[in-house]
Number of protein chains: 2
Amino acid sequence: MNSSAIEIEKAAVILKLLGDKTRLTMLKMLDTHDYCVCEFVAIFKVSQPAISQHVRKLKDAGLVRETRKGQWIIYSLNRESDDFPFVQSLIHHLPNQDFKLEELEVQGLRISCD
Amino acid sequence: MNSSAIEIEKAAVILKLLGDKTRLTMLKMLDTHDYCVCEFVAIFKVSQPAISQHVRKLKDAGLVRETRKGQWIIYSLNRESDDFPFVQSLIHHLPNQDFKLEELEVQGLRISCD
DNA sequence: TAAGCATATAACGATTAACTTATATAATAA
DNA sequence: TTATTATATAAGTTAATCGTTATATGCTTA
């Protein structure tokens with residue numbers, strides 16, 4: 001047991017959710033920046049609906065939050081989630097993904113969502 | 001990034017593996033004791049082949065090791081795995097599962113594998 | 001209001017995952 | 001050697017997952 005224990009069933013659900021390269025990368029990216037869906041679409045090699053479905057799963061689990069900014073929807077890490085300490089200690093082990101943002105900028109695909 | 005960083009692809013594979021209640025519980029159990037397959041069979045509500053398949057996946061990923069002790073095969077955490085720091089920080093958040101062992105003993109199902 | 005961009009939802013197909021039962025293998029004990 | 005116990009493998013079924021295309025919704029701008 002641990003000071004910030006999480007039920008094993010709940011942990012399994014979260015781990016399954018993050019056991020997907022796309023969603024895990026998204027979450028790590030959100031650790032340093034907020035992103036709009038269109039940026040995720042530009043970064044990952046899947047269709048817009050696929051991205052939409054991935055972020056929906058993260059949102060349904062309460063791990064991310066969305067805020068609409070005009071026509072864009074910005075996703076951010078939900079650091080108020082009860083599960084955030086668990087998630088954070090997890091993504092802490094992952095390499096920073098800011099290079100993806102730089103790639104976007106180089107390619108002129110960075111959209112100013114704010 | 002972090003001192004014990006793990007590739008994001010590899011992390012996703014491990015998280016998917018542990019995104020299963022049975023395997024996640026097994027791994028947490030192995031954090032405090034070694035177990036033989038027959039004990040897992042007695043503890044979890046699935047068939048012996050199902051247990052065998054779960055431990056095989058954990059073994060194939062290098063997270064656990066097996067040692068034969070006569071007719072029994074004992075599984076233990078592979079603390080030498082490159083991924084062990086990642087896995088350990090993860091299971092550190094989970095509640096201790098020793099009560100499962102106590103349940104076995106109460107029911108007289110605890111097999112002395114050593 | 002109509003057009004255009006951003007995002008979500010629906011519906012479907014392909015693949016993967018997790019179980020089951022039946023059977024094989026390996027070690028032990030009679 | 002034969003029976004028994006422990007474990008693994010094979011094969012098949014069902015359900016879940018992840019992607020796709022087509023379409024709907026919502027906001028913005030002309």
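Because only heavy atoms are used, hydrogens play no part in the values below, and waters and symmetry mates are left out as well, while side chains stay in. Each chain gets a letter, A, B and so on, in the order its sequence line appears, and its residues count up from 1.
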Exercise: identify the closest heavy-atom pair between B:Arg23 and B:Lys16:
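Result for this residue pair: NH2-O, 3.9 Å.
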Can you tell me how far apart CD1 (A:Ile8) and CG (B:Leu27) are? Round to the nearest 0.5 Å.
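A:Ile8 atom CD1 to B:Leu27 atom CG measures 9.5 Å (nearest 0.5 Å).
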Given atom [atom1] of [X] and atom [atom2] of [N], what is their separation to the nearest angstrom?
X: A:Asp20; N: C:dA17; atom1: CG; atom2: C1'; result: 14 Å
X: A:Asp60; N: C:dT9; atom1: CG; atom2: P; result: 9 Å
X: B:Lys69; N: D:dT7; atom1: NZ; atom2: C1'; result: 17 Å
X: B:Trp72; N: D:dT5; atom1: CH2; atom2: C1'; result: 9 Å
X: A:Tyr35; N: C:dA6; atom1: OH; atom2: P; result: 18 Å
X: A:Leu18; N: D:dC18; atom1: CG; atom2: P; result: 11 Å
X: B:Met26; N: D:dT7; atom1: CE; atom2: C1'; result: 13 Å

Assign the ring pair B:His33 / B:Tyr35 to parallel, tilted or perpendicular, where the plane angle (0 to 90°) is split at 30° and 60°.
perpendicular
Looking at [options], which one has an atom nearest to any side-chain atom of [X]?
X: B:Ile73; options: D:dA8, D:dT9, C:dA6; answer: D:dA8
X: A:Gln71; options: C:dA6, D:dT7, C:dT28; answer: C:dA6
X: A:Lys57; options: C:dT7, D:dT7, D:dT17; answer: D:dT17
X: A:Lys16; options: D:dG19, C:dA26, D:dT17; answer: D:dT17

Backbone of B:Glu9 reached by a side-chain donor or acceptor of A:Lys21 within 3.5 Å
no
Considering only NZ, NE, NH1 and NH2 on the basic side and carboxylate oxygens on the acidic side, decide whether A:Asp34 and A:Lys69 come within less than 4.0 Å.
no
Check this for me: does any side-chain nitrogen of one of B:Lys28 and B:Asp98 sit under 4.0 Å from a carboxylate oxygen of the other?
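Salt bridge absent between B:Lys28 and B:Asp98.
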B:Gln48: what forms a side chain to side chain contact (heavy atoms under 4.5 Å, CB included) with it, not counting sequence neighbours?
B:Val41, B:Ser52
Phosphate OP1/OP2 of [N]: any [X] side-chain N/O under 4.0 Å:
X: A:Tyr75; N: C:dA6; value: no
X: B:Lys21; N: C:dA18; value: no
X: B:Arg56; N: D:dT9; value: yes
X: B:Lys59; N: D:dA8; value: no
X: B:Arg23; N: C:dA18; value: yes

Can you pull out the residues from residues 44-54 of chain B that lie within a 4.0 Å heavy-atom distance of DNA chain D?
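B:Gln48, B:Pro49, B:Ser52, B:Gln53 - these, ordered by number, are the residues of the stretch whose heavy atoms sit under 4.0 Å from the strand.
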Using a 4.0 Å heavy-atom cut-off across all strands, classify A:Phe40 as base, sugar-phosphate, or nothing.
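Answer is nothing: A:Phe40 stays at 4.0 Å or more from every strand.
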